[in-house]
Amino acid sequence: MVVLGFTVTDQKGHYVNGLKPTDFHVFEDDIQEKLATFAEGSRPPMEVLANGEMRPIRKAEGSDQEETSANTVDLRVSSTGTNVFVLFDTSNYMYRGFVYASDAIADFIRGLDRSDAVAVYTYSRNLNRAVPLNRDRMIAIQGLRHAVAGDDSALYNSLLLTLRDAAKVPGRKVVIVFSNGPDNASMVAPDDVRAVAEDEGIPIYVISTSEVTRDPISSNIFKRNSTNTGGKSYFAKTWQKQVEAFESIREDLGNSYTVTYYPRPNANEGFRTIRIELTSEAMKKYKIRARPGYRPQRSF
């Protein structure tokens with residue numbers, strides 16, 4: 001089963017809401033796929049029927065599985081809301097802006113939709129799972145406030161471990177990296193970590209407290225990792241810019257679409273491209289942001 005999240009914006013950058021499964025087609029390697037479920041924002045997913053109409057997902061009598069007319073709906077995607085993993089840089093690169101960064105993250109957590117769950121992880125040389133995934137905002141913020149500053153930065157080691165955790169969680173999930181930029185202690189390559197996020201369908205959002213021109217190498221990696229997973233990257237040096245970046249991410253989560261499908265037979269075991277096409281001529285100029293594809297049956 002493939003979980004695909006995407007956003008649609010008009011020519012002015014405004015989100016396009018209210019789309020239905022009949023408003024678009026999903027192609028994998030130019031093969032049109034039949035949607036199994038559809039959800040908008042934090043609303044509960046709906047089963048998509050053969051004619052494109054929707055109905056609530058129903059449980060079969062005497063069964064723990066939920067049924068559809070053509071496929072069994074995977075219970076992993078039948079819940080509402082988004083599972084948000086916040087990965088906070090507490091290395092020595094973050095010393096000067098540590099308190100302001102913590103405040104920006106706390107404000108973001110408070111503003112999440114009630115149906116969303118959040119986990120707070122911190123990292124320097126090692127990953128610290130400060131707060132496991134839950135819906136209690138006070139617990140999440142308390143765990144955030146107990147974060148302590150560390151030394152070297154192993155961002156990509158920590159991001160890989162975060163993606164591993166997120167991949168095990170049912171439903172829709174995203175990872176938000178709050179970082180000062182450089183990585184001087186990881187053993188894994190950023191492109192390998194990005195490939196895992198692509199294949200698992202986990203968008204990576206990056207908020208960097210460094211100016212985009214100050215560290216071009218890290219900035220380009222951040223842009224590539226976010227773009228290729230369906231997320232976004234922000235370069236926000238000031239506290240106000242960081243708050244605005246978090247607000248943009250929160251709007252993104254609330255205005256996105258999530259669909260699932262079971263791929264039709266396809267001999268390609270390499271990278272499979274995903275394409276979304278809007279069916280209406282009036283919508284052809286709209287911009288769709290989604291991950292470009294994935295590799296099936298990847299292990300990590």
(message) I want to check something: taking the side chain as every heavy atom from C-beta on, are E40 and N17 in contact at a cut-off of under 4.5 Å?
(response) yes
(request) Output yes when a side-chain donor or acceptor of D29 lies under 3.5 Å from a complementary backbone atom of I31, and no otherwise. (result) no
(request) Find the distance between CD (E33) and CG (N266) and round it off to the nearest 0.5 Å. (result) 8.0 Å
(message) If you apply the rule salt bridge (charged side-chain N to carboxylate O under 4.0 Å, His left out), what do you find for D23 with K20, and how did you get there?
(response) CA-CA 5 Å; D23 292 323; K20 306 298 180 187; over 6 Å; no
(request) Measure the spacing between OG of S280 and CG of L19 and express it to the nearest 0.5 Å. (result) 9.5 Å
(message) Using side-chain contact (heavy atoms from CB on, under 4.5 Å), reason through D103 and R145 one step at a time and then give a plain yes or no.
(response) CA-CA 9 Å; D103 286 345; R145 296 303 192 191; 2.9 Å; yes
(request) Tell me whether W239 is reachable from I109 by hopping between hydrophobic residues (I, L, V, M, F, W, Y) whose side-chain heavy atoms are closer than 4.5 Å. (result) no
(message) Could you measure the distance from the CD1 atom of I274 to the CD1 atom of I288? Nearest 0.5 Å is fine.
(response) 12.5 Å
(request) Taking T227 for its side chain and R224 for its backbone only, find out whether a donor-acceptor pair lies under 3.5 Å. (result) no
(message) Taking the cut-offs as 6.0 angstrom to the six-membered ring centre and 45 degrees off its axis, would you call R275 and F27 a cation-pi pair?
(response) yes
(message) In this structure, would Y100 and L144 fall into the same cluster of hydrophobic residues linked by side-chain contacts under 4.5 Å?
(response) no
(request) Determine yes or no for a side-chain-to-main-chain donor-acceptor pair under 3.5 angstrom, with N157 supplying the side chain and M187 the backbone. (result) yes
(message) Under a plain distance cut-off of 3.5 Å, with no hydrogens placed, do S248 and Y234 share a side-chain donor-acceptor pair?
(response) yes
(request) Indicate, with yes or no, if V243 and I141 share a hydrophobic cluster defined by side-chain heavy-atom contacts under 4.5 Å among Ile, Leu, Val, Met, Phe, Trp and Tyr. (result) no
(request) Show your reasoning for whether side chain to side chain donor-acceptor pair (under 3.5 Å) applies to N92 and D151. (result) CA-CA 5 Å; N92 50 20; D151 47 17; over 6 Å; no
(request) Decide whether D116 and N83 meet the rule of one side-chain donor and one side-chain acceptor closer than 3.5 Å. (result) no
(request) Work out which heavy atom in K173 is nearest to a heavy atom in G171; give both atom names and the distance. (result) CD-O, 3.2 Å
(message) For T7 and S256, which I'm curious about, is there any donor-acceptor pair between the side chains at under 3.5 Å?
(response) no
(message) Using a 3.5 Å distance criterion without hydrogens, assess whether the side chain of N220 forms a donor-acceptor pair with backbone atoms of I217.
(response) no
(request) Report yes if some heavy atom in the side chain of L253 is under 4.5 Å from a heavy atom in the side chain of R172; otherwise report no. (result) yes
(request) Using the side-chain contact (heavy atoms from CB on, under 4.5 Å) rule, take T260 and L35 through it: C-alpha gap first, then chi angles, then the decisive distance, then the call. (result) CA-CA 6 Å; T260 66; L35 302 184; over 6 Å; no
(message) Restricting to non-hydrogen atoms, name the atom on S42 and the atom on S115 that form the minimum distance, rounded to 0.1 Å.
(response) CB-OG, 3.4 Å
(request) Give a yes or no on whether the backbone of G293 and the side-chain of E198 come within a donor-acceptor separation of less than 3.5 Å. (result) no
(request) Would you confirm whether T22, through its side chain, and G52, through its main-chain N or O, come within 3.5 Å as a donor-acceptor pair? (result) no
(request) Give the minimum heavy-atom separation between Y261 and K34, together with the two atoms involved. (result) CB-O, 3.3 Å
(message) With heavy-atom distances below 4.5 Å as the criterion, would you say the side chains of P263 and Y294 are in contact?
(response) yes
(message) Students often mix this up, so state it plainly: with edges at 30° and 60°, are the rings of Y156 and F222 parallel, tilted or perpendicular?
(response) tilted
(request) Let me know which of V259, V8, L4 forms a side-chain contact (heavy atoms from CB on, under 4.5 Å) with I276. (result) L4
(request) Compare every heavy atom of S219 with every heavy atom of F235, then report the nearest pair and how far apart it is. (result) CE2-OG, 3.5 Å
(message) Counting C-beta onward and ignoring hydrogens, is there a side-chain heavy-atom pair between F246 and I207 closer than 4.5 Å?
(response) yes
(request) Please determine, by modelled atom types, if Y286 and Q11 share a side-chain donor-acceptor pair under 3.5 angstrom. (result) no
(request) Identify whether the distance between the nearest side-chain nitrogen and carboxylate oxygen of R129 and D165 falls below 4.0 Å. (result) yes
(request) For the residue pair Y15 and D10, confirm or rule out a side-chain donor-acceptor distance under 3.5 Å. (result) no
(request) Would you check if the side chain of S153 reaches a backbone N or O of S91 as a donor-acceptor pair within less than 3.5 Å? (result) no
(request) Run the salt-bridge test on D107 and R110 with the 4.0 Å N-O cut-off and return the result as yes or no. (result) yes
(request) Calculate, to the nearest 0.5 Å, the distance between atoms OH and CD1 belonging to Y205 and I249 respectively. (result) 7.0 Å
(message) Tell me if a side-chain donor or acceptor on Q32 pairs with a main-chain N or O of V26 at a distance below 3.5 Å.
(response) no
(message) With heavy-atom distances below 4.5 Å as the criterion, would you say the side chains of L87 and I176 are in contact?
(response) no
(message) For E277 and H25, which I'm curious about, is there any donor-acceptor pair between the side chains at under 3.5 Å?
(response) no
(request) Please name the pair of heavy atoms, one in V177 and one in L155, separated by the smallest distance, quoted to 0.1 Å. (result) CG1-CD1, 3.7 Å
(request) In sequence, state the C-alpha distance, the side-chain angles, and the governing distance for Y121 and S158, and then conclude on side-chain contact (heavy atoms from CB on, under 4.5 Å). (result) CA-CA 9 Å; Y121 290 4; S158 302; over 6 Å; no
(request) Using modelled atom types only, decide if a donor and an acceptor are shared between the side chain of S208 and the backbone of S210 within a distance under 3.5 Å. (result) yes
(message) Distance alone, cut at 3.5 Å: any donor-acceptor contact between the side chains of T209 and N180?
(response) yes
(request) For the pair R289 and D252, find out whether any cationic side-chain nitrogen is under 4.0 Å from an anionic carboxylate oxygen. (result) yes
(request) Look up atom CG in L112 and atom OG1 in T82, then write down how far apart they are to the nearest 0.5 Å. (result) 8.5 Å
(request) State whether the side chain of K284 and the backbone N or O of L278 hold a donor-acceptor pair below 3.5 Å, judged by distance alone. (result) yes
(request) Over all heavy atoms of both residues, which pair between R291 and N228 is shortest? Give the atoms and the distance, please. (result) CB-O, 3.8 Å
(request) Check whether any side-chain heavy atom of F38 sits under 4.5 Å from a side-chain heavy atom of P45, and report yes or no. (result) no
(request) Kindly indicate whether the side chain of P296, heavy atoms from C-beta on, has any atom under 4.5 Å from the side chain of R272. (result) yes
(message) Side chains of F178 and Q242, heavy atoms from C-beta outward: is any pair under 4.5 Å?
(response) yes
(request) Just do the side-chain contact (heavy atoms from CB on, under 4.5 Å) check on V2 and E28 with the steps written out, would you? (result) CA-CA 10 Å; V2 174; E28 186 175 299; 4.2 Å; yes
(request) Measure the CG-OG1 distance between D89 and T122 for me, rounded to the nearest 0.5 Å. (result) 9.5 Å
(request) Run the ring-centre check on F24 versus F6 and record whether the distance is less than 6.0 Å. (result) yes
(request) State yes or no: do Y257 and M54 share one hydrophobic cluster built from I, L, V, M, F, W and Y residues joined by side-chain heavy-atom distances below 4.5 Å, directly or via other members? (result) yes
